[in-house]
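This one's a predicted model, so the numbers in the text were calculated from it and none came from an experiment. Letters go in sequence order (proteins before strands), and every chain restarts at 1.
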Number of protein chains: 2
Amino acid sequence: MSCDMIQDAETDFIEGMGLILQADGMPRIAGRLMGLFVLRGGPFSFADLAETLEISRGSVSTNTRLLEDLGVIERVAIRGERQDYFRLAADPYAQIVERKRVRSIRAEEAIRRSADTLSEAGPEALDRIGSLANFFRVLSDATARALQDLETKDGNAHPARGTSTPSSIAAE
Amino acid sequence: MSCDMIQDAETDFIEGMGLILQADGMPRIAGRLMGLFVLRGGPFSFADLAETLEISRGSVSTNTRLLEDLGVIERVAIRGERQDYFRLAADPYAQIVERKRVRSIRAEEAIRRSADTLSEAGPEALDRIGSLANFFRVLSDATARALQDLETKDGNAHPARGTSTPSSIAAE
DNA sequence: TATTTCGTTCAGTCTTGACTGAACGATGTG
DNA sequence: CACATCGTTCAGTCAAGACTGAACGAAATA
């Protein structure tokens with residue numbers, strides 16, 4: 001029943017994840033896959049993914065590899081089966097944050113390197129460049145702490161804690 | 001002399017900023033403009049920007065507005081001048097972080113909203129969705145702290161205060 | 001009021017990247 | 001060994017967005 005046909009609410013979730021990931025500069029299909037794996041965690045065969053999401057095998061190949069590289073999903077082997085299977089990774093989000101962090105660090109380095117070359121620039125210019133570099137350092141520091149937060153309060157095993165949710169959402 | 005022709009090192013810096021901003025999903029020209037404003041802070045006329053970066057007036061209009069909305073630059077009036085002038089804003093980076101934060105919050109809200117609709121889902125599924133929502137919460141929290149960090153150690157106006165400046169820059 | 005000088009907007013071009021579908025090599029099966 | 005099945009790769013198509021240049025309206029000047 002719930003094998004090849006997807007409920008409406010689930011479709012919404014999957015498509016929503018597609019849009020969220022896409023807004024972050026990733027392929028929409030990667031987001032849809034991620035949504036599907038979050039929804040049902042269990043191992044999916046390569047063919048299942050193509051059929052369920054109605055996408056080509058090429059896209060399945062490309063985007064599963066992408067998500068695998070990101071550590072969001074992992075490839076598992078099932079005995080007696082020739083197909084590849086995938087399931088949600090144990091810690092799906094850590095490497096996403098780590099990648100953001102690395103990008104900020106790279107940016108900061110590149111900027112400081114430029115600052116060295118631009119010794120002819122005035123002191124105010126060097127100040128402004130320093131502030132820019134500092135901006136990227138703040139970003140990388142923030143992602144570093146986010147990484148620690150993720151490890152600590154994983155949220156998975158500890159579902160409905162009291163939550164200091166501002167809950168300002170209800171207002172609207 | 002240094003009016004219409006740009007030095008090599010400065011060009012590298014400007015182009016580098018173009019690439020960094022582009023990697024973040026923004027127009028490359030916005031990055032180039034930002035690089036130019038960081039390099040020399042002073043007010044530039046609309047025409048200057050088009051000429052210096054060799055871009056069309058249309059692009060100047062679009063991307064100055066974009067950077068203005070982001071709070072990176074601000075439009076200033078100069079008496080006796082009909083042209084618009086722009087200069088680097090006092091706190092150029094705060095709103096960029098704030099925008100990232102809002103996006104994470106929106107994502108978390110959307111996911112939790114979906115979770116309500118998906119009450120038919122099993123408890124493990126709700127767990128996984130909760131973890132996903134938690135992930136975006138961690139991101140928004142991190143950006144919130146980054147925002148505070150930016151306000152605190154602005155680095156620009158308070159150069160050599162008593163210092164907690166890491167000043168590790170000199171080392172390398 | 002006529003004219004010039006702004007900045008914005010919009011149609012058109014072009015680049016980039018996602019996605020598809022078919023061809024291909026690899027690996028098990030008969 | 002021939003055959004079938006699986007996943008990857010690659011050329012081709014398509015859509016999204018950046019950028020340009022010209023047309024346009026607004027505002028100051030004469």
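- The interatomic distance linking A:I29 (CD1) with D:dC14 (P) rounds to 17 Å, in whole Å.
- The side-chain heavy atoms of B:Y93 and B:M34, taken from C-beta on, include a pair separated by under 4.5 Å.
- In this structure, the CG atom of B:D48 is 15 Å from the C1' atom of C:dG7, given to the nearest Å.
- Whole-Å rounding puts the B:L66 CG to D:dC19 C1' distance at 14 Å.
- For the helix from C:dT1-D:dA30 to C:dG30-D:dC1, the rotation axes defined at the first and last 5 base pairs enclose an angle of 0°, given to the nearest 10°.
- The CZ-C1' distance, from A:R28 to C:dT16, rounds to 17 Å in whole Å.
- Of the residues in residues 70-83 of chain A, those lying under 4.0 Å from DNA chain C by heavy-atom distance are A:R82.
- Cluster annotation: A:I14 and A:L88 are assigned to the same hydrophobic cluster (Ile/Leu/Val/Met/Phe/Trp/Tyr, side-chain heavy-atom contacts under 4.5 Å, transitive).
- Within the 4.5 Å cutoff, the side chain of B:V76 has no heavy atoms near those of the B:E81 side chain.
- Using a 4.5 Å heavy-atom threshold, the side chains of B:V97 and A:L139 count as touching.
- If you measure from atom CD of A:E51 to atom C1' of C:dG21, you get 17 Å, rounded to the nearest angstrom.
- There is a path of hydrophobic side-chain contacts, each under 4.5 Å, that joins B:L53 to B:L66.
- Using a 4.5 Å heavy-atom threshold, the side chains of B:L118 and B:I129 count as touching.
- A perpendicular orientation is assigned to the rings of B:F37 and B:F86, their planes being inclined by more than 60° (bins at 30° and 60°).
- For the atom pair B:L33 CG and B:S59 OG, the distance stands at 9.0 Å (nearest 0.5 Å).
- Between B:L21 atom CG and D:dG17 atom C1' the separation is 16 Å, expressed in whole Å.
- Shown for residues 54-64 of chain B: residues whose heavy atoms fall under 4.0 angstrom of DNA chain C, namely B:R57, B:G58, B:S61.
- The shortest distance between side-chain heavy atoms of B:R65 and B:D69 falls below 4.5 Å.
- Under the 4.5 Å side-chain criterion, counting only non-hydrogen atoms from C-beta, A:R103 is not in contact with A:R99.
- Taking atom OH on B:Y85 and atom P on C:dG7, their separation rounds to 9 Å, with Å as the unit.
- If you measure from atom CZ of A:F46 to atom C1' of D:dT8, you get 8 Å, rounded to the nearest angstrom.
- Distances shown here put a side-chain N or O of A:R65 below 4.0 Å from the OP1 or OP2 atom of D:dT9.
- Between A:L36 and A:F13, the closest side-chain pair of non-hydrogen atoms is not below 4.5 Å.
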